[in-house]
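Step one of this worksheet: look at the structure below.
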4 protein chains.
Amino acid sequence: MRDRIRAAGHEVVGYDHHPENSDVANLAELVSKLTAPRAIWTMVPAGKITEDAINELAGLLEPGDIIIDGGNSKFTDDGPRAERLKPKGIKYLDVGVSGGIWGKENGYALMVGGDAEDVARVQPIFDALKPAGEFGFAHAGTHGAGHYAKMIHNGIEYGMMQAYGEGYEILIASELVHNVPAVIKSWREGSVVKSWLLDLLDRALDEDPTLSGLKGYVDDTGEGRWTVDEAIRLAVPAHVLAASIFNRFESRQDDSPAMKAVAALRQQFGGHAVKR
Amino acid sequence: MRDRIRAAGHEVVGYDHHPENSDVANLAELVSKLTAPRAIWTMVPAGKITEDAINELAGLLEPGDIIIDGGNSKFTDDGPRAERLKPKGIKYLDVGVSGGIWGKENGYALMVGGDAEDVARVQPIFDALKPAGEFGFAHAGTHGAGHYAKMIHNGIEYGMMQAYGEGYEILIASELVHNVPAVIKSWREGSVVKSWLLDLLDRALDEDPTLSGLKGYVDDTGEGRWTVDEAIRLAVPAHVLAASIFNRFESRQDDSPAMKAVAALRQQFGGHAVKR
Amino acid sequence: MRDRIRAAGHEVVGYDHHPENSDVANLAELVSKLTAPRAIWTMVPAGKITEDAINELAGLLEPGDIIIDGGNSKFTDDGPRAERLKPKGIKYLDVGVSGGIWGKENGYALMVGGDAEDVARVQPIFDALKPAGEFGFAHAGTHGAGHYAKMIHNGIEYGMMQAYGEGYEILIASELVHNVPAVIKSWREGSVVKSWLLDLLDRALDEDPTLSGLKGYVDDTGEGRWTVDEAIRLAVPAHVLAASIFNRFESRQDDSPAMKAVAALRQQFGGHAVKR
Amino acid sequence: MRDRIRAAGHEVVGYDHHPENSDVANLAELVSKLTAPRAIWTMVPAGKITEDAINELAGLLEPGDIIIDGGNSKFTDDGPRAERLKPKGIKYLDVGVSGGIWGKENGYALMVGGDAEDVARVQPIFDALKPAGEFGFAHAGTHGAGHYAKMIHNGIEYGMMQAYGEGYEILIASELVHNVPAVIKSWREGSVVKSWLLDLLDRALDEDPTLSGLKGYVDDTGEGRWTVDEAIRLAVPAHVLAASIFNRFESRQDDSPAMKAVAALRQQFGGHAVKR
């Protein structure tokens, strides 16, 4: 991301645990190299690492500086974090970043939570990171809204991927459709289901037309779970988003205790054969 | 089932492909041994075997005789079958039979489709087969209604089993609950979820407290699929019944093409590691 | 519940905010009337009310006394509560209680979390409350396991009810089945789906054969949500339990924002008519 | 569609029940105006109307002519139709057409079923109808594969729309996100969930930021149902696609019989209040 900001003509000082990627030796040096009012973008794994980095920065920064967390923090961390920084006069913005490994080239979609005046002040950074066109940036709401919007984005992403996956599986099971990759490819233009994910599915099928080199094993990074937790908290029906995360859980099970129980029941009442 | 009818004091002539279980050599002899008006109970695998048996009987029986299909025919077979028998004066009843291997002892729940006067005529057979109490028998409706009611019964059965299965799986994953079989057992009396299926789950856990001797592999015999097909035809939301049958499909897959596609997509956009 | 304990020959002192149901004026008097080592059963709404009652009791009780929370506390409250009471020498048990309004007559299913020696000491209370037979009681595990087991019980209950509900809805939509209440009733004996809930569905249909006096509006009391939250935390696929809670959410919506979005999309791409 | 074909320089004779849209008075005149070997594109409502049109054409056409059904026929109609036409020497292709009302401008995604030599012969028509780029056309497989691929396309479309709808509903329920339309808009570029459907959702929100002018009532045209029927027939788990169609059913219900049954059960066991 530094490259995109530099390319837009802004000065950037980078700090990384890997010295070869780092312009400075530590956070103190990083802060000292920047002119106040500073903007510091943190992008480290969610949880304790992010909290530690922000706490350390809070001890080094001055009133008027802004910390921007672009990592995958849970949205519930942001409000308390902003509250902790407020007495020191340090501003806080949370940013959900989408785009994957393609963002470096295409720009990143950015969803921001925090106060409007703080957003306005660092808008040049966001403009440098976002795609060139009119989309790819939103001030979503108050502290936490950026990570919240990104979380929902990921929940939707899970649902879309599962919809493509299920459709794909029916297609390859069909007796009539003989060229599934061609069908997927045809949808890339003119169809209602065209999307970037579909382009990538086509790309994957170009590389491996039967996906035989892959196992149907899918991890999850938390946002899909949080999305369903939120659906439940807010009493929003979310059959599709929940099913998508459950299918990922299933994909990682060698055997299903639930289905063992069902098999046991069938055997008990019907004498149905079981597999051992 | 013959035993239960005989035990109730009725004369029964049985025919079976296995001569050792058979009182007669063929259907013609079966018909000749019974006094008109006859009642013939067919209980053979659904589909062509049942159709063939009924067609053969139709050529042997006389007006006023009744054919009762107690097999697992699809409900859509019953109406046309009754229509074909009608011009010959042969009556037809379809009977859904529940009870599994326990019915011999406890009696079978019977759901019957057809005309009320035909049901009334063979009520003594139904009374001999059903449990002793006030329940276990219904004249559900017109031709097909017996198999229909049994189909829905099985759909519900799938849903109940899946509910128990999922609850069981969460329990055994819990860090707090150390004695899952005891919890299941406790529910057998006094709880809202007490049921015969729960009794059987407890029985299975008595035999194998961790179900370690089983694989989570579950077949299906068609009724659950037909139930969801009907839900779709009738525009009835059936999230739970559909999920229950889909989970059985999943339980039988070595790998999931849908989840391969999802894994491929994650790799494409995020560079996420995949399993090969 | 006091009546069942008294009926078993135990002395009970009851305290209630309603003086007419109360043997004493306040908790201090309650404690003073009992001989140490005491057993105090709290059964008040989950959350702050329960916490306040237990905190007040903690100031009144002596080492060796036991507090038993039979309310619907969330299982995550129990461990910390037990830890807080431990330095005072006060023991703690959490009990999930099932049985609804029928428990007074039939006994309650009890699932208990806590230390085995504490469970043993108050077993006579549990024996007085549970059904007469061999079932209806379990020492589920450590602190929290009682409420946890009850939570899962309720999650399963939601799934079973939804399975019956969906099956019922298909039955009444069918063109063939003319007597749905009779079908439900027939399942009460001899069938695989027989259960206490089914008995109650039959009872409801006896009172109102088309349920026309009810709206399809269903509240939830939290346990179903927590069950799905746990499924998600523990990576347990729970399609059926989640769908059951989502259907309750849907039942309470006048209009669905999600389906508005879907309607808007259909109109956008296909010019499909929308309802306004 | 005629306009796109004419614009590509091909001669077209159109027939329509509305004389003002019709170049000829009836199918016989249509056939007489075309030089053999002819290609006739039918695009009328699925079912009897399509069958009648094709049967009438079959009596008018000559060996070597091709009938192309671009309507929404069910895939199971195509094989038998091709078989019926074969003895007359008339070729048959089925074409699934996607693109909605936007296809006239952008081109249509076309999925074709039938024999390769027949596809090749009418490729110029497909080329005139498809989008300008390299995508938007596939020879999917044998007779029926075109409609099959389009059916799956629609099933996926339902799933994607439901995923967006659920995510949208959580967003508007959130306490943190204050500008939901801006969030949706931001995803149009740089995000993983960018798609044409998302562009249309943004368009709908531009017109009506709260969708307050719409009811959450969503019809379905059959393909989503057939997709789930196929999933069930082929034993493919399809939680997401099934949930999407069930949610449409729910959106059209004034009250839910299933949830009435659940409400009745809660009242029976727990004395819970019900709505009447």
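In what follows, every chain begins at residue 1, and chains take the letters A, B, ... in the order their sequences are listed.
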If you tally heavy-atom pairs under 4.5 Å against chain A, which of [options] wins?
| options | value |
| --- | --- |
| D/Gly146, D/Gly107, D/Ala163 | D/Ala163 |
| D/Ala140, D/Ala145, D/Pro131 | D/Ala140 |
| D/Ile170, D/Ile152, D/Leu110 | D/Ile170 |
| D/Gly136, D/Gly144, D/Pro181 | D/Gly136 |
| D/Gly99, D/Ala238, D/Gly113 | D/Ala238 |

Query - Set of residues satisfying ring-ring contact (aromatic ring centres under 6.0 Å, His included) with respect to D/Phe135, sequence neighbours excluded - result: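 With sequence neighbours excluded, D/Phe135 shows a ring-ring contact (aromatic ring centres under 6.0 Å, His included) to no residue whatsoever.
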Query - Under the ring-ring contact (aromatic ring centres under 6.0 Å, His included) test, residues paired with A/Phe249 that sit two or more places apart - result: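 With neighbours one apart ignored, the set is empty.
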Can you name the closest pair of heavy atoms from [X] and [Y] and give their distance?
| X | Y | answer |
| --- | --- | --- |
| D/Gly167 | A/Leu241 | N-CD1, 4.1 Å |
| A/Ala243 | D/Val240 | CB-CG2, 4.1 Å |
| D/Val236 | A/Ala173 | CG2-CB, 4.1 Å |
| D/Val192 | A/Leu197 | O-CG, 3.5 Å |

**Report entry** Residue A/Met160 versus chain D: region with a heavy atom under 4.5 Å
**Finding:**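 Contact with chain D is through both the backbone and side chain of A/Met160.
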Query raised in the report: chain D heavy atoms under 4.5 Å from A/Pro237: which part of the residue, side chain, backbone, both or neither?
Result: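 For A/Pro237, backbone and side chain are both near chain D.
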Donor-acceptor pairs, chain D vs chain A, cutoff 3.5 Å:
{"unit_1": "D/Ser98", "atom_1": "OG", "unit_2": "A/Val192", "atom_2": "N", "d": "3.0"}
{"unit_1": "D/Gly136", "atom_1": "N", "unit_2": "A/Ser186", "atom_2": "O", "d": "3.0"}
{"unit_1": "D/Ala140", "atom_1": "O", "unit_2": "A/His178", "atom_2": "N", "d": "2.8"}
{"unit_1": "D/Ala140", "atom_1": "O", "unit_2": "A/Asn179", "atom_2": "N", "d": "3.0"}
{"unit_1": "D/Thr142", "atom_1": "N", "unit_2": "A/Leu176", "atom_2": "O", "d": "3.2"}
{"unit_1": "D/His153", "atom_1": "NE2", "unit_2": "A/Val192", "atom_2": "N", "d": "3.3"}
{"unit_1": "D/Glu166", "atom_1": "OE1", "unit_2": "A/Val240", "atom_2": "N", "d": "3.2"}
{"unit_1": "D/Glu166", "atom_1": "OE1", "unit_2": "A/Leu241", "atom_2": "N", "d": "3.0"}
{"unit_1": "D/Glu166", "atom_1": "OE2", "unit_2": "A/His239", "atom_2": "N", "d": "3.2"}
{"unit_1": "D/Glu166", "atom_1": "OE2", "unit_2": "A/Val240", "atom_2": "N", "d": "3.0"}
{"unit_1": "D/Glu175", "atom_1": "OE1", "unit_2": "A/Arg233", "atom_2": "NH2", "d": "2.8"}
{"unit_1": "D/Glu175", "atom_1": "OE2", "unit_2": "A/Arg233", "atom_2": "NH1", "d": "3.1"}
{"unit_1": "D/Glu175", "atom_1": "OE2", "unit_2": "A/Arg233", "atom_2": "NH2", "d": "3.3"}
{"unit_1": "D/Leu176", "atom_1": "O", "unit_2": "A/Thr142", "atom_2": "N", "d": "3.2"}
{"unit_1": "D/His178", "atom_1": "N", "unit_2": "A/Ala140", "atom_2": "O", "d": "2.8"}
{"unit_1": "D/Asn179", "atom_1": "N", "unit_2": "A/Ala140", "atom_2": "O", "d": "3.1"}
{"unit_1": "D/Ser186", "atom_1": "O", "unit_2": "A/Gly136", "atom_2": "N", "d": "3.0"}
{"unit_1": "D/Val192", "atom_1": "N", "unit_2": "A/Ser98", "atom_2": "OG", "d": "3.1"}
{"unit_1": "D/Val192", "atom_1": "N", "unit_2": "A/His153", "atom_2": "NE2", "d": "3.3"}
{"unit_1": "D/Lys194", "atom_1": "O", "unit_2": "A/Trp196", "atom_2": "N", "d": "3.2"}
{"unit_1": "D/Trp196", "atom_1": "N", "unit_2": "A/Lys194", "atom_2": "O", "d": "3.2"}
{"unit_1": "D/Arg233", "atom_1": "NH1", "unit_2": "A/Glu175", "atom_2": "OE2", "d": "3.0"}
{"unit_1": "D/Arg233", "atom_1": "NH2", "unit_2": "A/Glu175", "atom_2": "OE1", "d": "2.9"}
{"unit_1": "D/Arg233", "atom_1": "NH2", "unit_2": "A/Glu175", "atom_2": "OE2", "d": "3.3"}
{"unit_1": "D/His239", "atom_1": "N", "unit_2": "A/Glu166", "atom_2": "OE2", "d": "3.2"}
{"unit_1": "D/Val240", "atom_1": "N", "unit_2": "A/Glu166", "atom_2": "OE1", "d": "3.2"}
{"unit_1": "D/Val240", "atom_1": "N", "unit_2": "A/Glu166", "atom_2": "OE2", "d": "3.0"}
{"unit_1": "D/Leu241", "atom_1": "N", "unit_2": "A/Glu166", "atom_2": "OE1", "d": "3.0"}

Report task. Quick one: which of A/Gly159, A/Gly79, A/Ala138 has the most heavy-atom pairs under 4.5 Å with chain D, could you say? Result ->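 Top count of heavy-atom pairs under 4.5 Å with chain D: A/Ala138.
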Query raised in the report: With D/Ala128, which residues qualify under side chain to side chain contact (heavy atoms under 4.5 Å, CB included), at least two apart?
Result: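 Partners of D/Ala128 under the side chain to side chain contact (heavy atoms under 4.5 Å, CB included) test: D/Ile5, D/Ala8, D/His10.
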